[in-house]
Amino acid sequence: MRKVELYRFSLPMEAGVILRNQRLKTRDGLLVCLTENGKQGWGEISPLPEFSEETLEEAEAATLGWLHSWVNGEQAFESALPSVAFGLSCAMGELSGFLPQKADYRKAPLCNGDPDELFAVLGAMPGEKVAKVKVGLYEAVRDGMIVNLLLEAIPDLKLRLDANRSWTRAKADGFAKYVQPQFRDRIQFLEEPCKTRDESRDFSRETGIAIAWDESVREADFVVEAEPGVAAIVIKPTLVGSIQRCHMLIDQAHKAGLIAVISSSIETSLGLTQLARMAAWLTPDTIPGLDTLSLMQSQLVRPWPDSELPVLDVDALEVVWRR
Ligand SMILES: O=C(O)CCC(=O)C1=CC=C[C@@H](O)[C@@H]1C(=O)O
Ligand SMILES: [Mg+2]
């Protein structure tokens with residue numbers, strides 16, 4: 001016998017979390033729980049405003065359609081909406097056991113440029129020291145200075161930088177000019193420096209700074225391939241799709257000699273712990289980009305180890321559908 005439960009959640013965010021053009025006050029989404037033969041599988045479906053193409057309403061309608069088929073024992077096909085495909089594949093992955101339990105709870109800390117704060121976090125981090133810094137929000141000179149400062153202060157540190165396509169070539173060059181040449185190879189990669197892929201490729205060729213694809217991975221014409229200067233692809237499953245699709249992209253990346261970084265789309269602790277399990281399984285040699293829990297004011301159903309945020313129980317959630 002199959003059973004389903006669909007819940008809606010809305011968790012308050014910390015003040016001041018801004019996504020592209022809007023302030024994110026709450027993180028809204030759906031939790032699905034599938035039950036069959038005494039086993040349960042959970043999944044989170046939470047399209048990210050400004051990043052996902054689908055709205056939460058569209059995701060809910062598609063999820064309900066899928067759940068109706070599944071609970072009636074009919075064939076349920078993979079949804080074309082990435083957030084739905086991801087959440088349902090997690091629930092199926094737990095139910096059938098293909099999503100392993102073992103998790104990689106390491107995370108590349110998101111750093112705002114304060115070396116003392118980063119030093120404290122990295123001190124508690126075993127193994128490889130890698131942090132992520134957002135660039136492109138302020139002046140390129142300031143970004144360059146922060147990168148120098150951090151790399152100078154912490155000699156075994158490597159940095160991942162993320163410009164989210166915010167620079168013109170001239171601005172990106174301005175940034176590169178300020179980074180001391182001896183530090184450039186400690187930039188593990190810079191995600192999407194320029195507005196177009198070609199500009200980003202040129203930037204990497206001329207500066208020697210390695211780049212990574214993030215937004216590009218979600219574009220229809222994107223193919224995973226080895227290219228000069230490209231070090232990595234970033235995979236945000238809520239924006240990309242099912243575990244199976246992410247697995248395929250990761251395999252393609254590894255075959256091309258690229259790093260694949262599993263990264264957050266600001267999921268709740270439930271989705272984040274599942275991303276940590278995907279990372280342990282599919283990208284065991286790479287620290288995932290999952291340092292986003294502290295942007296929220298609480299966790300949901302499953303706690304992330306070491307987080308002191310309160311955990312909201314499933315009983316507190318609104319039931320959308322139960323069968
Ligand atoms: O990639 C990481 O290490 C954390 C995730 C992260 O930086 C982001 C997640 C979702 C939206 C953005 O605000 C941001 C990004 O630009 O990649
Ligand atoms: Mg990015």
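Atoms within each ligand, like the ligands themselves, are counted from 1 in listed order. All of these numbers come straight from a predicted model, not from anything done at the bench. One-based numbering along the sequence shown.
Contacts between D162 and ligand 1, counted as non-hydrogen atom pairs separated by less than 4.0 Å, involve the side chain only. Looking at V234 against ligand 1, nothing comes within 4.0 Å, counting heavy atoms.
Between E60 and V320 the shortest heavy-atom distance is OE2-CG1, 3.6 Å. The two residues V261 and G289 have their closest heavy-atom pair at CG1-N, 3.9 Å.
By the 4.0 Å N-to-carboxylate-O rule, E215 lies close enough to R20 to be salt-bridged with it.
Nearest to atom 6 (C) of ligand 1 by heavy atom, out of K107, K132, E192, is K132.
If you check which protein heavy atom lies closest to atom 12 (C) of ligand 1, you get F51 CZ, 3.6 Å. When only non-hydrogen protein atoms are considered, atom 13 (O) of ligand 1 lies nearest to L19 CD2, 3.6 Å. When hydrogens are left out, the protein atom nearest atom 9 (C) of ligand 1 is S264 O, 3.2 Å; that is the closest non-hydrogen contact. At the shortest separation from atom 8 (C) of ligand 1 among protein heavy atoms lies K236 CE, 3.9 Å. The nearest protein atom to atom 4 (C) of ligand 1, hydrogens excluded, is given as G289 O, 3.5 Å; this is a heavy-atom distance.
Partner of V224 under the side-chain contact (heavy atoms from CB on, under 4.5 Å) criterion, out of L258, V217, I250: L258 alone. C33 pairs in a side-chain contact (heavy atoms from CB on, under 4.5 Å) with only one of the listed residues (E94, Q40, R322, K3), which is Q40. Between R197 and the options E192, E225, E219, a salt bridge (Lys or Arg N to Asp or Glu O under 4.0 Å) holds for only E219.
At a threshold of 4.5 Å between non-hydrogen side-chain atoms, the residues F86 and K236 do not count as touching.
Transitive grouping of hydrophobic side chains (ILVMFWY, heavy atoms separated by less than 4.5 Å) brings V301 and M296 into a common cluster.
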Side chain to side chain donor-acceptor pair (under 3.5 Å) between R106 and T286, intermediate numbers included: CA-CA 9 Å; R106 296 175 304 165; T286 303; over 6 Å; no
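Distance CD1/I187 to CD1/I211: 12.5 Å, rounded to 0.5 Å.
Using bins of under 30°, 30° to 60° and over 60° for the plane-to-plane angle, the ring pair Y7/W42 lands in the parallel bin. Ring geometry for W281 versus H247: interplanar angle over 60°, hence perpendicular rather than tilted (30 to 60°).
For the Mg ion (ligand 2), the tally of protein N/O/S atoms lying closer than 2.8 Å stands at 3.
Every N/O-N/O distance between E191 and ligand 1 stays at or above 3.5 Å. Geometrically, ligand 1 and S265 share no nitrogen or oxygen pair separated by less than 3.5 Å. Considering backbone and side-chain N/O atoms, D291 never comes within less than 3.5 Å of an N/O atom of ligand 1.
Which parts of ligand 1 touch D214 is read off a 4.0 Å heavy-atom cut-off, strictly below it: atoms 17 (O).
The shortest heavy-atom distance from R160 to ligand 1 is not under 4.0 Å. The shell of residues lying under 4.0 angstrom from ligand 1, judged by heavy atoms, includes L48. Residue contacts with ligand 1 include K134, since one or more of its heavy atoms lies under 4.0 Å from the ligand.
Remark: the backbone N or O of S46 is paired with a side-chain donor or acceptor of R27 at under 3.5 angstrom.
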